[in-house]
Amino acid sequence: MLSTKTIEIVKSTAPLLAETGPKLTAHFYDRMFARHPELNDIFNMSNQFSGAQREALFNAVHGYAANIDNLPALLPVIEKIAQKHVSFNITPEMYAIVGENLLATIDELYSPGQDVLDAWAEAYGVLAHVFVTREEEIYQQSETSQGGWRGTRPFALVSKTPESEVITSFVFAPQDGLPVAHYTPGQYIGIYLTPEQFANREIRQYSLSCAPNGKQYRISVKREAQGTVSNYLHDHLNVGDVVDLAPPSGDFFFQSDITTPVALISGGVGLTPMLAMLESLSGQHHADIQWLHAAEHGEQHAFGQHIDTLVEQHGNAQRNVWYREPKDSDQRGQHYDHQGMMDISKVSALTEDSQRHFYLCGPVGFMQSIAKQLTDSGITKDRIFYECFGPHKVLD
């Protein structure tokens, strides 16, 4: 438990942190990487250069300071971060490094005095303990589950299939030939890559794009123009090559029972966790399923025929697809249903069922638009579940 004095001091610094903004975490990361370059093998340096990771950390630090007297309010964020941390194999020793550099950053930027530094040291120690404890629980769950493991495990690429002009699927099987851990549709896998052309080891998380089968994992990756890892996977990773994978993790997953109507809503490559959900629901989910997807055009629309087959097999599912700018070869009614940006009002009765759950994944701007449309239609936030690629963002 934190002392009353510590809570008061840390909470009083929240306005100062807000005023400083991401400059705080920029200073922190620059300081930490200068003193611990080995961490370049852990952090996504592309997110560092874009500022996305710095913004995410700032929001987390400021949120902790502002809510330090109401820690239960932080538990959803803690769970999300802890799940991501185990995919990076974060250790307790790394928390000590972060704590040392966070305190030094506060001292160097603000010179707040020893009382404030002591309060932040105590507060950080409590938070670090929460993370270390939860992450150890997740590590142990992964290690002791059937087909599970701790750390990383070597997998060979057994198939590589283009799904559209920008998305390719990669199927991995364990080199030891043993079963692989189960996962809940929506979760992701961590992939570790160390090719000679990389300056550092790169770790990425990709949603698993098929239903669990106990034998293999499939990810479906979009080629990003400046994507170090996505371009390597598309251009250089070949069948037979071996990579290291961390066990499945993530706090975004399908959690509705068979009697609950659901809507699976995605934009672009955001369909990958939704596809895992749809495959898992086929033949067992008896309530209504609405599949809503947005793509640029047919050449970028992945898994279209496969999804149509799954929807038809379910018998109580409906598909609605938007193409922002259809090609001449795209046939309305066959390949897509609507033109332009996704407008959920085009799907009759989508928001009228008071029990329906909504799962969202795609670019942040896309999800923000859909979340607003849903809440404007009277959908409560507890019925909306979403996943962000990269550093987490809040939709509202």
Side-chain angles (χ1 to χ4, degrees), residues 40-53 84 87-89 152-175 180 187-210 216-246 248 250 266-276 293-307 324-325 327 329 361-364 366 387-391:
N40 290 328
D41 286 336
I42 302 294
F43 286 83
N44 182 335
M45 299 312 292
S46 296
N47 286 335
Q48 289 295 320
F49 296 138
S50 71
Q53 186 63 55
K84 184 64 69 71
S87 190
F88 283 105
N89 281 296
T152 60
R153 181 178 173 186
F155 281 69
L157 180 66
V158 297
S159 71
K160 180 178 180 180
T161 307
E163 308 291 358
S164 76
E165 68 175 10
V166 293
I167 296 174
T168 294
S169 288
F170 303 83
V171 176
F172 298 97
Q175 274 199 307
V180 299
Q187 292 189 301
Y188 51 75
I189 199 87
I191 183 169
Y192 288 58
L193 299 168
T194 55
E196 292 182 357
Q197 60 264 49
F198 285 6
N200 304 103
R201 179 180 66 180
E202 298 285 353
I203 306 172
R204 295 292 187 274
Q205 288 76 32
Y206 292 107
S207 298
L208 291 151
S209 63
C210 64
Q216 300 173 330
Y217 293 127
R218 184 180 73 188
I219 61 174
S220 302
V221 180
K222 178 185 177 184
R223 181 194 293 274
E224 302 289 351
Q226 304 300 319
T228 300
V229 171
S230 69
N231 281 289
Y232 173 80
L233 293 174
H234 278 254
D235 295 336
H236 301 291
L237 193 70
N238 297 310
V239 170
D241 289 346
V242 176
V243 301
D244 289 328
L245 299 182
S266 58
V269 74
L271 60 69
T272 52
M274 303 304 174
L275 180 54
H293 179 64
E296 287 294 304
H297 45 72
E299 293 177 3
Q300 293 194 13
H301 182 193
F303 297 104
Q305 186 173 357
H306 178 51
I307 289 164
R324 191 174 69 86
E325 293 184 349
K327 301 282 189 178
S329 58
C361 190
V364 171
F366 167 82
E387 174 76 310
C388 287
F389 296 136

Between Glu202 (side chain only) and Leu193 (backbone N and O only), is there a donor and an acceptor less than 3.5 Å apart? no

- Leu275 and Ile307: side-chain contact (heavy atoms from CB on, under 4.5 Å), yes or no, with the steps? CA-CA 8 Å; Leu275 180 54; Ile307 289 164; 4.0 Å; yes

Distance col, row Phe88:CZ vs Asp41:CG, nearest 0.5 angstrom, shows 12.0 Å

Of all heavy-atom pairs linking Gly250 and Gln187, the shortest is O-NE2, 2.8 Å

Taken in chain and number order and not counting sequence neighbours, the residues that satisfy salt bridge (charged side-chain N to carboxylate O under 4.0 Å, His left out) with Glu296 are Arg324

For Pro363 and Gly267, the nearest pair of non-hydrogen atoms, with its separation, is CD-O, 3.6 Å

task = Using atom types as modelled and distance alone, determine if a side-chain donor or acceptor of Tyr188 lies under 3.5 Å from a backbone N or O of Lys84.
result = yes

Margin query: Tell me whether the count of non-hydrogen atoms from other residues, nucleotides or ligands lying under 6.0 Å of CD in Gln197 goes above 12.
Written below: yes

For residues 218-235, the salt bridge (Lys or Arg N to Asp or Glu O under 4.0 Å) pairs (sequence neighbours left out) are Arg218-Glu279, Arg223-Asp235

Taken in chain and number order and not counting sequence neighbours, the residues that satisfy side chain to side chain contact (heavy atoms under 4.5 Å, CB included) with Gln216 are Val158, Val171, Ala173, Asn213

Residues passing the side chain to side chain contact (heavy atoms under 4.5 Å, CB included) test with Thr194, sequence neighbours excluded, are Arg201

Sorted by chain and residue number, the side chain to side chain donor-acceptor pair (under 3.5 Å) partners of His234 (sequence neighbours excluded) come out as Thr168

Nearest heavy-atom contact between Ala302 and Ile167 is CB-CD1, 3.9 Å

For Ile203 and Ser87 the tightest heavy-atom approach is CG2-O, 4.2 Å

Notebook entry, point to check: Judged by atom type as modelled, is there a donor-acceptor pair below 3.5 Å linking the side chain of Lys160 to the main-chain atoms of Leu237?
Noted result: yes

Quick one: are Val180 and Phe172 in side-chain contact, heavy atoms under 4.5 Å?
no

Practice problem: Determine whether Phe170 and Val243 make a side-chain contact, defined as any pair of heavy atoms from C-beta on separated by less than 4.5 Å. | Solution: no

| message | Determine whether the aromatic ring centres of residues Tyr232 and Phe198 are separated by less than 6.0 angstrom. | response | yes

Between the CG atom in Leu245 and the CD1 atom in Ile219, the distance rounded to the nearest 0.5 Å is 7.5 Å

Flag side-chain contact, heavy atom, 4.5 Å: Tyr206 against Ile191:
yes

For Asn231 and Ala225, the nearest pair of non-hydrogen atoms, with its separation, is ND2-O, 3.7 Å

Closest non-hydrogen atoms of Leu208 and Pro248, given as atom of the first, atom of the second and distance, are CD1-CB, 4.1 Å

Distance col, row Leu271:CG vs His301:NE2, nearest 0.5 angstrom, shows 7.0 Å

By side chain to side chain donor-acceptor pair (under 3.5 Å), Ser220 pairs with (sequence neighbours left out) Ser169, Ser209

Is the shortest side-chain heavy-atom distance between Arg204 and Val221 below 4.5 Å?
no

